[in-house]
Amino acid sequence: MVPDDEGGGLMRADLLVDTVDGLDEALAAVDAFDAALVTGLLRPQPEQAAGVVELADAVAGTPLAARVAEAADKTVAGAAGEDHFVALAAARAALLGSVHDALTARVAEAVGRPVAEEAAPAGTGGADHAANLLAAARSWLSDLARTGWQGIDHELVAGAAPVVSAMLPDPALRRQATLLDGFAAELAASCPGATLERIPVRRWADLWSRALLLTLPGATTGSFAADTATGRLLPLGIDVQEHATAVQAQVHAVFEPADGTAPRLVRAAASAPKPDTVVGAGLWQLLRPHLSLLTAVGEGRSMDLDAMPVTAEGDLIWDDAHARTGEPADAFVTARVALPTAAAPATAPLDRHPARIAVPVLLEGYETEQDDDGAAFLITGHRLAVDTDRIPVAGPLTAEAVAASGACVGLLRWDAGKFHVQPLAVERTVRKKPVAVHAGAWAGGTTDKAGVRAEKAATGAVDALRERAGRLLRK
């Protein structure tokens, strides 16, 4: 919560724990359909058929009703084609989109911030020459649906390889190719499906339905720059997502337009492949060359933007030619003064998924507790879970610092049926003075002993890999 005299209003923490009407029913229909995908839709048994019918029933009365009902009938009869699977994927996405919209509306009410504007419908553009590749991708994804996760084998999964290889050279298809490639690699690592003890049912259904819908004309229109941004960028914090072979840093910030219009929330991200030997603070060495903003965040400074490309969804397509380092900018001052009036960006239809919710918030005046359910903030008598597992090791922020804090800038997320907060920075009192600790404090470099050691260790690994890659290219 933010005291009224510091620029904000009181967070309605009670709204974050109250039941959202219709949410459980929508998720139950999604779960029923996802369960049908486990054994496949080639010859669905009564239980799987019931899951497909439940999905169709859940969108009855919507513009999708007729097409999804037809698709459900064909699927139950074992005669579904690609168009029918697309209709079922659209119904599933629509239900999860409705959950996303209900949750984001609840968050907007809780924090008292302007509601995001509706995203403009995606265009129907797309290169004609890509139609055959997109059809090939649809065919492979349809075969997956017929076979089911328990039926996957290396031969089936390998069918994605030629499609991905043909897509990658085309920048307009890079997004679809990357998703298909990653999905196929995950399935290949799990083959044969018949031996799996645990199947990530929701995750694979998410990947399948998203990949299928991305084969439709105009599906990726919103991912391209729709406007430019000129004004001051005030960083709030950095969300670091690390995997064995890749890392991404996403900066959340408030953008104040130079023309004096209302501030709005934006994001800027950089991704890089990584070897598994580069960990901790060494990750920043891989990311800095792609995003100068990281250095500004590490130094606690703003950036001045001049015609920086930005998508309709608030993602800055970063180009150093359109940015220069600005004045010092404290993230907690930004959160107290600018964040309460910053409008959220629109969300593209295909991105409306509860897992994508990440709303910057400022929390103050809370108590911390730790029990069997994990860490939590107590706000006006209500418990808000704290996801300390998301705190990156590539920075000085720790679970102990969070537990000793009195203020937190974080991302409000929703998972496993409840809201929780991911800390990006906290303030704690040291010798009667507030001291801020940021997850991204080492993004631009550090004198911290632990950070220096990790950077030094990573330098050798990164240099060796670059030299090895150079030798291969010279050959």
Side-chain angles (χ1 to χ4, degrees), residues 8 93 96-123 175 210 218-239 241 248-271 291 293 297 302-303 305-319 322-323 331 334-335 337-362 409-414 419 421-422 424:
L96 288 171
S98 70
V99 172
H100 169 278
D101 291 353
L103 292 172
T104 52
R106 177 62 60 87
V107 170
E109 185 181 0
V111 302
R113 202 176 297 159
V115 179
E117 297 179 1
E118 289 290 331
R175 183 179 180 185
R210 184 174 180 81
T220 60
T221 299
S223 63
F224 299 101
D227 200 355
T228 58
T230 298
R232 185 170 64 156
L233 189 70
L234 301 169
L236 292 166
I238 304 179
D239 176 22
Q241 300 172 26
Q248 180 187 68
Q250 187 176 62
V251 179
H252 291 261
V254 175
F255 172 66
E256 295 182 331
D259 61 9
T261 54
R264 62 182 190 265
L265 293 171
V266 295
R267 301 174 293 261
S271 303
L291 192 65
L293 175 59
V297 176
S302 66
M303 292 204 85
L305 307 185
D306 183 12
M308 180 72 74
V310 60
T311 70
E313 287 77 49
D315 291 298
L316 299 170
I317 302 178
W318 195 263
D319 183 345
H322 297 280
T334 297
V337 178
L339 180 59
T341 58
T347 304
L350 289 185
D351 291 338
R352 284 179 164 146
H353 189 293
R356 295 289 297 264
I357 295 174
V359 181
V361 293
L362 170 67
V409 173
L411 297 176
L412 195 61
R413 295 183 179 274
W414 189 88
F419 284 103
V421 64
Q422 172 193 342
L424 299 180

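All residue numbers in this chain count up from 1 along the given sequence.
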| task | Could you pull out the closest heavy-atom pair between L316 and L305, with the gap in Å? | result | CD1-CD1, 4.2 Å
| task | Kindly give the heavy-atom pair with the smallest separation between P235 and S302, and that separation in Å. | result | CD-CA, 4.1 Å
| task | Spell out, as yes or no, whether a donor-acceptor pair under 3.5 Å connects the side chain of H322 to the backbone of D306. | result | yes
| Basic-acidic side-chain contact under 4.0 Å: D351, R267 | no
| said: If I compare all heavy atoms of V409 with all of A331, which pair ends up nearest, and what's the gap? | reply: CG2-O, 4.5 Å
| remark: For A338 and P263 the tightest heavy-atom approach is O-CG, 4.4 Å
| message | Looking at every non-hydrogen atom in both residues, tell me the closest pair between V254 and L236 and how far apart they are. | response | CG2-CD1, 4.0 Å
| said: Rounded at 0.5 Å granularity, tell me how far CZ in R356 sits from CD in E313. | reply: 9.0 Å
| request: Apply side-chain contact (heavy atoms from CB on, under 4.5 Å) to the pair L265 and R113, showing each step before the final yes or no. | output: CA-CA 11 Å; L265 293 171; R113 202 176 297 159; 3.9 Å; yes
| message | As an exercise, state the distance from CG of L411 to NE2 of H252, rounded to the nearest 0.5 Å. | response | 4.5 Å
| Which heavy atom of I238 sits nearest a heavy atom of A249, and at what distance? | CG2-CB, 3.9 Å
| note | Between the CG atom in L103 and the CG atom in L412, the distance rounded to the nearest 0.5 Å is 10.0 Å
| message | Measuring from atom CG of L234 to atom CD of E256, what distance do you get when rounded to the nearest 0.5 angstrom? | response | 4.5 Å
| task | Check the pair V266, V251 against side-chain contact (heavy atoms from CB on, under 4.5 Å), reporting the backbone distance first and the verdict last. | result | CA-CA 8 Å; V266 295; V251 179; over 6 Å; no
| Distance (rounded to the nearest 0.5 Å) between R232 CZ and F255 CZ | 11.0 Å
| task | Could I get the full list of side-chain hydrogen bond (donor to acceptor under 3.5 Å, both in side chains) partners for Q241, not counting sequence neighbours? | result | D239
| Do T230 side-chain atoms and A307 backbone N/O form a donor-acceptor pair below 3.5 Å? | yes
| note | side-chain hydrogen bond (donor to acceptor under 3.5 Å, both in side chains) filter on R106, not counting sequence neighbours, yields none
| said: My understanding is that only residues two or more places apart in sequence, or in another chain, count here; which of them pass salt bridge (Lys or Arg N to Asp or Glu O under 4.0 Å) with R264? | reply: none
| How far does CZ of R352 sit from OG1 of T347, to the nearest 0.5 angstrom? | 6.0 Å
